[in-house]
Amino acid sequence: MSQAQEQRFFRNNSLSIDVLAAMILIFFTLTQIIGCDKADNPAQPDATVAERTAPEGQVRITGQTTDTSAVSAPAVAATADATPAAASPAPAEAVAAGGDETGKRVYNSLCFTCHGNLDGSGGLPNMPHFGDKAAWADRIAQGMPLLYEHALKGFTGASGMPMLPKGGNPNLTDDEVRATVDFMVTSSQ
Ligand code: HEC
């Protein structure tokens, strides 16, 4: 395979794996709701989903490193001494500048499935819906660091339903998840 073909292979495959993972997520949450009264072992589906969603990240990372590291690594090594400061702050600035946009984009592509649409409709029962001030007040009172941690690492509280780590998409960066929490919180208080 040429490098271009390889890149296309990984791009196409990571896309269909994303779609598959999204379907698994939807089926998983549906079975959670339908089987709610007989859920005697809620820890089991959690572990299963974590296992099923894990390889998704690995596939994409492999695709990205094969095409960029080989080509750009020597160049980065050569310039690293000269511009260490310029290289690292860039992503943080990008997130700070486009924080709202990032949050909205990630929310609309994933989190809305459970938390509901931007107009407050949709979403799944028993979870804090977008814009529902009453549902978010106590959560916001816990402080942002804890909300970030729950969104990044997962959390099951009083609802009995799992908030999956990064909403179930391990490909999201921590900054993207934090920006999305910011977006949800500012729209729900
Ligand atoms: C599979 C459904 C599902 C998806 C997808 C999902 N969430 Fe959640 N989320 C939940 C549930 C359920 C809770 C409530 C858990 C509880 O309190 O018992 C929750 C709670 C939260 C909370 C509050 C945590 C707290 O401490 O009260 C935050 C913040 C959050 N989600 C952020 C996100 C973000 C950001 C995304 C997208 C990246 C996302 N969620 C995607 C189901 C989901």
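Note: hydrogens, waters and symmetry copies are ignored here, and every other heavy atom, side chains too, is used. Just so you know, residue 1 is the first one in the sequence shown, and it goes up from there. Just follow the structure's listing: the first ligand is 1, and inside any ligand the first atom is 1.
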Identity and separation of the nearest protein heavy atom to [atom]:
atom: atom 43 (C) of ligand 1; result: C114 CB, 3.5 Å
atom: atom 38 (C) of ligand 1; result: C111 SG, 2.8 Å
atom: atom 42 (C) of ligand 1; result: P162 O, 3.6 Å
atom: atom 17 (O) of ligand 1; result: R139 NH1, 2.8 Å

Item to check | ligand 1 contact on M161 by region, counting heavy-atom pairs under 4.0 Å | outcome: both

Item to check | Where atom 8 (Fe) of ligand 1 is the vertex, angle from M163 SD to H115 NE2 to 10° | outcome: 180°

Closest non-hydrogen atom pair between [X] and [Y], with its separation:
X: N126; Y: S159; answer: O-CB, 3.1 Å
X: A135; Y: P128; answer: CB-CA, 4.1 Å
X: K153; Y: P165; answer: O-CG, 3.4 Å
X: S188; Y: G131; answer: OG-N, 2.9 Å

Next on the checklist: With no hydrogens and no angle check, just 3.5 Å: does a side-chain donor-acceptor pair link D174 and Y148?
Outcome noted: no

Checklist entry - Just by distance, with hydrogens left out, do D175 and T173 show a side-chain donor and acceptor under 3.5 Å apart? => result no

Checklist entry - Does the N or O separation between T180 and ligand 1 drop below 3.5 Å for any pair? => result no

Next on the checklist: I want to know if ligand 1 touches H150 in the polar sense, i.e. an N/O pair below 3.5 angstrom.
Outcome noted: yes

Checklist entry - Can you tell me if L147 has a non-hydrogen atom under 4.0 Å from ligand 1? => result yes

Checklist entry - Judged by non-hydrogen atoms, does W136 sit under 4.0 Å from ligand 1? => result yes

Which ligand 1 atoms, with their elements, are less than 4.0 angstrom from a heavy-atom of [X]?
X: P128; result: 13 (C), 14 (C), 20 (C)
X: G167; result: 5 (C), 41 (C)
X: A158; result: 18 (O)

Item to check | Side-chain ion pair, K166 and E176, N-O less than 4.0 Å | outcome: no

Next on the checklist: Does the plane of the ring in F130 sit parallel, tilted or perpendicular to the ring in F183? Use 30° and 60° as the thresholds.
Outcome noted: tilted

Next on the checklist: Here's a test for you: under side chain to side chain contact (heavy atoms under 4.5 Å, CB included), which of T180, T102, V181, N117 qualifies with Y107?
Outcome noted: T180

